[in-house]
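Worksheet: the structure to be examined is printed underneath.
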Amino acid sequence: MSYTNPLHPPVYSSQISRYTSLEGAVGSSKFLSPTRRRLPQPSYTPASKWDLAMGQNARRHAAIQFDYVGYNGQGVQMRELSARSDAAIASMIQGAGDPVLAHAGRERVTFRIIWPGYEHVESCDQIIINPGGRPITRAQLGKFVAQIFARFVEKTRTETSRSSQWNLTSSGIRFEHLVLVALVNVWEGVWQADVAVDLR
(Lines give C-alpha, C1' and ligand atoms only; values in the text may rest on other atoms or scores of the structure.)
Protein backbone atom coordinates (compact mmCIF):
# COMPACT_ATOMS: atom_id res chain seq x y z
CA MET A 1 0.00 0.00 0.00
CA SER A 2 1.44 3.37 -0.91
CA TYR A 3 0.54 6.81 0.35
CA THR A 4 0.24 9.87 -1.88
CA ASN A 5 0.62 13.20 -0.15
CA PRO A 6 -2.00 15.61 -1.55
CA LEU A 7 0.17 18.62 -0.64
CA HIS A 8 3.18 17.57 -2.69
CA PRO A 9 3.41 16.36 -6.27
CA PRO A 10 4.92 12.88 -6.80
CA VAL A 11 8.64 12.55 -7.51
CA TYR A 12 9.30 10.63 -10.70
CA SER A 13 12.37 8.47 -11.32
CA SER A 14 13.64 10.97 -13.91
CA GLN A 15 13.79 13.58 -11.13
CA ILE A 16 15.90 11.49 -8.75
CA SER A 17 19.60 12.25 -8.54
CA ARG A 18 22.19 9.49 -8.94
CA TYR A 19 24.23 11.10 -6.16
CA THR A 20 24.21 9.42 -2.76
CA SER A 21 24.86 11.48 0.33
CA LEU A 22 26.69 8.51 1.85
CA GLU A 23 29.32 8.69 -0.89
CA GLY A 24 30.95 11.70 0.76
CA ALA A 25 31.66 9.64 3.87
CA VAL A 26 33.27 6.69 2.11
CA GLY A 27 34.75 8.33 -0.96
CA SER A 28 33.79 7.74 -4.54
CA SER A 29 35.57 4.49 -5.28
CA LYS A 30 35.31 3.14 -8.78
CA PHE A 31 34.00 -0.38 -9.05
CA LEU A 32 35.91 -2.95 -11.08
CA SER A 33 32.66 -4.51 -12.30
CA PRO A 34 31.04 -2.47 -15.11
CA THR A 35 27.59 -3.67 -13.95
CA ARG A 36 28.01 -2.44 -10.36
CA ARG A 37 26.62 0.94 -9.36
CA ARG A 38 26.18 2.68 -6.05
CA LEU A 39 22.67 2.99 -4.62
CA PRO A 40 21.77 6.69 -4.30
CA GLN A 41 20.25 7.11 -0.87
CA PRO A 42 19.72 10.01 1.50
CA SER A 43 21.32 10.10 4.93
CA TYR A 44 19.00 9.73 7.89
CA THR A 45 18.17 12.92 9.79
CA PRO A 46 15.91 12.89 12.85
CA ALA A 47 12.41 14.32 12.57
CA SER A 48 12.64 16.06 15.95
CA LYS A 49 14.02 19.59 15.81
CA TRP A 50 15.55 19.05 19.25
CA ASP A 51 17.45 15.92 18.12
CA LEU A 52 18.45 17.69 14.93
CA ALA A 53 19.88 20.67 16.84
CA MET A 54 21.60 18.60 19.54
CA GLY A 55 23.19 16.09 17.17
CA GLN A 56 24.66 18.57 14.68
CA ASN A 57 28.06 18.69 16.36
CA ALA A 58 28.26 15.07 17.52
CA ARG A 59 31.44 13.25 16.52
CA ARG A 60 30.98 10.81 13.64
CA HIS A 61 32.89 7.55 13.56
CA ALA A 62 34.89 6.44 10.55
CA ALA A 63 33.10 4.29 7.98
CA ILE A 64 33.45 0.53 8.39
CA GLN A 65 34.59 -0.93 5.06
CA PHE A 66 33.68 -4.40 3.73
CA ASP A 67 35.94 -5.97 1.11
CA TYR A 68 37.06 -9.36 -0.06
CA VAL A 69 40.68 -10.16 0.77
CA GLY A 70 42.92 -8.44 -1.78
CA TYR A 71 40.39 -5.81 -2.87
CA ASN A 72 39.68 -2.25 -1.81
CA GLY A 73 36.41 -0.31 -2.07
CA GLN A 74 34.57 -3.06 -3.96
CA GLY A 75 32.32 -4.41 -1.21
CA VAL A 76 31.09 -7.91 -0.39
CA GLN A 77 27.98 -9.57 -1.82
CA MET A 78 25.27 -9.70 0.82
CA ARG A 79 24.15 -13.18 -0.21
CA GLU A 80 27.66 -14.42 0.69
CA LEU A 81 27.49 -12.70 4.08
CA SER A 82 24.06 -14.08 4.91
CA ALA A 83 24.52 -17.65 3.67
CA ARG A 84 28.10 -18.54 4.62
CA SER A 85 29.35 -19.80 7.97
CA ASP A 86 31.29 -17.50 10.28
CA ALA A 87 34.50 -19.40 9.48
CA ALA A 88 33.94 -19.03 5.72
CA ILE A 89 33.24 -15.31 6.05
CA ALA A 90 36.36 -14.90 8.22
CA SER A 91 38.51 -16.36 5.44
CA MET A 92 36.84 -14.26 2.70
CA ILE A 93 36.82 -10.68 3.96
CA GLN A 94 39.56 -8.30 5.06
CA GLY A 95 39.76 -7.66 8.80
CA ALA A 96 36.98 -10.14 9.53
CA GLY A 97 37.92 -10.41 13.22
CA ASP A 98 38.34 -6.67 13.83
CA PRO A 99 36.16 -5.37 16.72
CA VAL A 100 34.63 -2.66 14.54
CA LEU A 101 32.17 -0.95 16.87
CA ALA A 102 34.19 -1.17 20.10
CA HIS A 103 34.90 2.57 19.75
CA ALA A 104 31.22 3.58 19.55
CA GLY A 105 30.91 4.18 23.29
CA ARG A 106 27.42 2.69 23.63
CA GLU A 107 25.71 -0.66 24.15
CA ARG A 108 23.86 -0.63 20.85
CA VAL A 109 23.57 1.36 17.66
CA THR A 110 20.64 1.93 15.35
CA PHE A 111 20.79 0.68 11.76
CA ARG A 112 18.48 2.25 9.16
CA ILE A 113 17.66 1.50 5.53
CA ILE A 114 16.32 4.31 3.34
CA TRP A 115 15.88 2.77 -0.12
CA PRO A 116 15.04 5.07 -3.07
CA GLY A 117 11.36 4.64 -3.92
CA TYR A 118 10.65 2.85 -0.64
CA GLU A 119 11.20 5.73 1.78
CA HIS A 120 7.71 4.99 3.13
CA VAL A 121 8.85 1.52 4.31
CA GLU A 122 10.28 1.83 7.83
CA SER A 123 13.47 -0.11 8.49
CA CYS A 124 15.10 0.55 11.83
CA ASP A 125 17.00 -2.16 13.74
CA GLN A 126 19.18 -2.22 16.83
CA ILE A 127 22.66 -3.76 16.67
CA ILE A 128 24.10 -4.92 19.99
CA ILE A 129 27.76 -3.94 20.11
CA ASN A 130 28.96 -6.55 22.62
CA PRO A 131 26.98 -9.73 21.97
CA GLY A 132 27.96 -12.36 24.54
CA GLY A 133 30.32 -9.90 26.25
CA ARG A 134 32.69 -9.60 23.27
CA PRO A 135 32.82 -6.73 20.77
CA ILE A 136 31.06 -7.46 17.49
CA THR A 137 33.48 -8.25 14.66
CA ARG A 138 33.40 -7.02 11.06
CA ALA A 139 32.29 -10.51 9.93
CA GLN A 140 29.46 -10.68 12.48
CA LEU A 141 28.34 -7.13 11.68
CA GLY A 142 28.34 -7.82 7.93
CA LYS A 143 26.27 -10.96 8.41
CA PHE A 144 23.79 -9.13 10.64
CA VAL A 145 23.39 -6.24 8.18
CA ALA A 146 22.94 -8.66 5.25
CA GLN A 147 20.17 -10.46 7.17
CA ILE A 148 18.44 -7.12 7.84
CA PHE A 149 18.58 -6.35 4.10
CA ALA A 150 17.18 -9.80 3.26
CA ARG A 151 14.18 -9.11 5.52
CA PHE A 152 13.79 -5.61 4.03
CA VAL A 153 13.73 -6.96 0.46
CA GLU A 154 11.13 -9.54 1.50
CA LYS A 155 9.06 -6.87 3.27
CA THR A 156 9.00 -4.59 0.21
CA ARG A 157 7.47 -7.26 -2.05
CA THR A 158 4.01 -6.07 -1.03
CA GLU A 159 4.90 -2.38 -1.32
CA THR A 160 4.72 -0.08 -4.32
CA SER A 161 7.98 1.58 -5.32
CA ARG A 162 8.10 5.25 -6.30
CA SER A 163 11.27 4.64 -8.33
CA SER A 164 11.26 2.22 -11.25
CA GLN A 165 15.06 2.39 -11.47
CA TRP A 166 15.60 0.96 -7.95
CA ASN A 167 12.57 -1.33 -7.86
CA LEU A 168 12.93 -4.34 -5.53
CA THR A 169 11.04 -7.09 -7.37
CA SER A 170 11.67 -10.54 -8.78
CA SER A 171 12.07 -8.92 -12.22
CA GLY A 172 14.10 -5.98 -10.90
CA ILE A 173 16.68 -5.74 -8.13
CA ARG A 174 16.83 -8.84 -5.93
CA PHE A 175 18.72 -9.62 -2.73
CA GLU A 176 21.44 -11.48 -4.65
CA HIS A 177 22.26 -8.22 -6.48
CA LEU A 178 23.13 -6.31 -3.28
CA VAL A 179 26.72 -5.54 -2.29
CA LEU A 180 27.71 -4.18 1.14
CA VAL A 181 30.45 -1.59 0.61
CA ALA A 182 30.56 0.07 4.04
CA LEU A 183 28.62 1.12 7.11
CA VAL A 184 28.49 4.86 7.66
CA ASN A 185 27.76 6.69 10.92
CA VAL A 186 25.24 9.26 9.70
CA TRP A 187 23.90 10.58 13.01
CA GLU A 188 25.09 10.06 16.59
CA GLY A 189 24.31 6.33 17.14
CA VAL A 190 22.65 5.87 13.73
CA TRP A 191 24.36 3.94 10.91
CA GLN A 192 23.41 3.25 7.30
CA ALA A 193 24.90 0.94 4.72
CA ASP A 194 26.69 2.16 1.63
CA VAL A 195 25.25 -0.30 -0.88
CA ALA A 196 26.05 -1.13 -4.47
CA VAL A 197 23.78 -3.00 -6.86
CA ASP A 198 25.35 -5.48 -9.28
CA LEU A 199 22.87 -6.85 -11.83
CA ARG A 200 25.14 -9.42 -13.43
Side-chain angles (χ1 to χ4, degrees), residues 1-47 51-52 60 63-66 73-82 109-125 127 141-142 144-188 190-200:
M1 179 174 157
S2 85
Y3 171 76
T4 304
N5 186 334
L7 300 176
H8 302 284
V11 178
Y12 300 102
S13 60
S14 62
Q15 298 170 308
I16 297 174
S17 170
R18 290 180 171 261
Y19 175 77
T20 172
S21 59
L22 298 180
E23 190 172 358
V26 296
S28 58
S29 64
K30 297 291 182 203
F31 296 122
L32 298 175
S33 170
T35 59
R36 187 171 292 184
R37 54 199 173 129
R38 189 166 257 113
L39 179 72
Q41 54 184 320
S43 292
Y44 166 79
T45 53
D51 288 340
L52 191 60
R60 303 286 188 274
I64 300 168
Q65 303 291 330
F66 290 86
Q74 301 304 303
V76 177
Q77 291 180 319
M78 288 195 204
R79 70 173 175 214
E80 298 282 349
L81 290 168
S82 69
V109 295
T110 302
F111 177 73
R112 290 188 172 268
I113 299 173
I114 305 174
W115 191 279
Y118 294 95
E119 293 88 351
H120 59 286
V121 179
E122 178 76 20
S123 180
C124 179
D125 288 270
I127 299 174
L141 182 60
F144 191 72
V145 167
Q147 291 168 346
I148 293 171
F149 267 95
R151 288 192 303 267
F152 179 78
V153 169
E154 186 65 31
K155 181 178 176 181
T156 59
R157 285 183 183 215
T158 59
E159 299 289 336
T160 303
S161 173
R162 297 179 185 139
S163 169
S164 60
Q165 184 179 8
W166 302 104
N167 204 5
L168 292 166
T169 63
S170 57
S171 61
I173 298 170
R174 299 185 301 275
F175 178 68
E176 57 264 22
H177 297 140
L178 304 185
V179 178
L180 178 60
V181 179
L183 285 185
V184 181
N185 182 204
V186 294
W187 193 266
E188 291 184 337
V190 179
W191 294 72
Q192 279 180 258
D194 180 18
V195 176
V197 175
D198 198 335
L199 295 175
R200 68 176 153 158

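Everything quoted here is computed from the prediction, not taken from an experiment.
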pair Leu81-Val145: side-chain heavy atoms closer than 4.5 Å: no
Side-chain touch His177/Arg79, heavy atoms, less than 4.5 angstrom: no
Those residues that, when tested against Ser170, pass side chain to side chain donor-acceptor pair (under 3.5 Å) (two or more places apart): none
Any Glu176 side-chain heavy atom under 4.5 Å of Gln77 side chain: no
Validation row: Ser161, Leu168 side chains within 4.5 angstrom (heavy atoms): no
Minimum side-chain heavy-atom gap Ile113-Val195 below 4.5 Å: no
Separation between CD1 of Ile173 and OG of Ser163, rounded to the nearest 0.5 Å: 8.0 Å
Closest contact, heavy atoms only, Gln65 versus Ala182: OE1-CB, 3.9 Å
Gln192 side chain vs Pro42 backbone, donor-acceptor pair below 3.5 Å: yes
Side chain proximity check, Gln41 to Trp115, heavy atoms < 4.5 angstrom: no
Considering all heavy atoms, the nearest Arg174-Thr169 contact: CG-O, 3.4 Å
Minimum heavy-atom distance between Pro116 and Pro40, given as atom pair plus value: CG-O, 2.8 Å
Nearest heavy atoms of Gln74 and Leu32, plus distance in Å: OE1-N, 2.7 Å
Set of side chain to side chain donor-acceptor pair (under 3.5 Å) partners for Thr35, sequence neighbours left out: Ser33, Asp198
Side chain proximity check, Asp194 to Phe66, heavy atoms < 4.5 angstrom: no
Plane angle bin for Tyr118 and His120 - parallel if under 30°, tilted between 30 and 60°, otherwise perpendicular: parallel
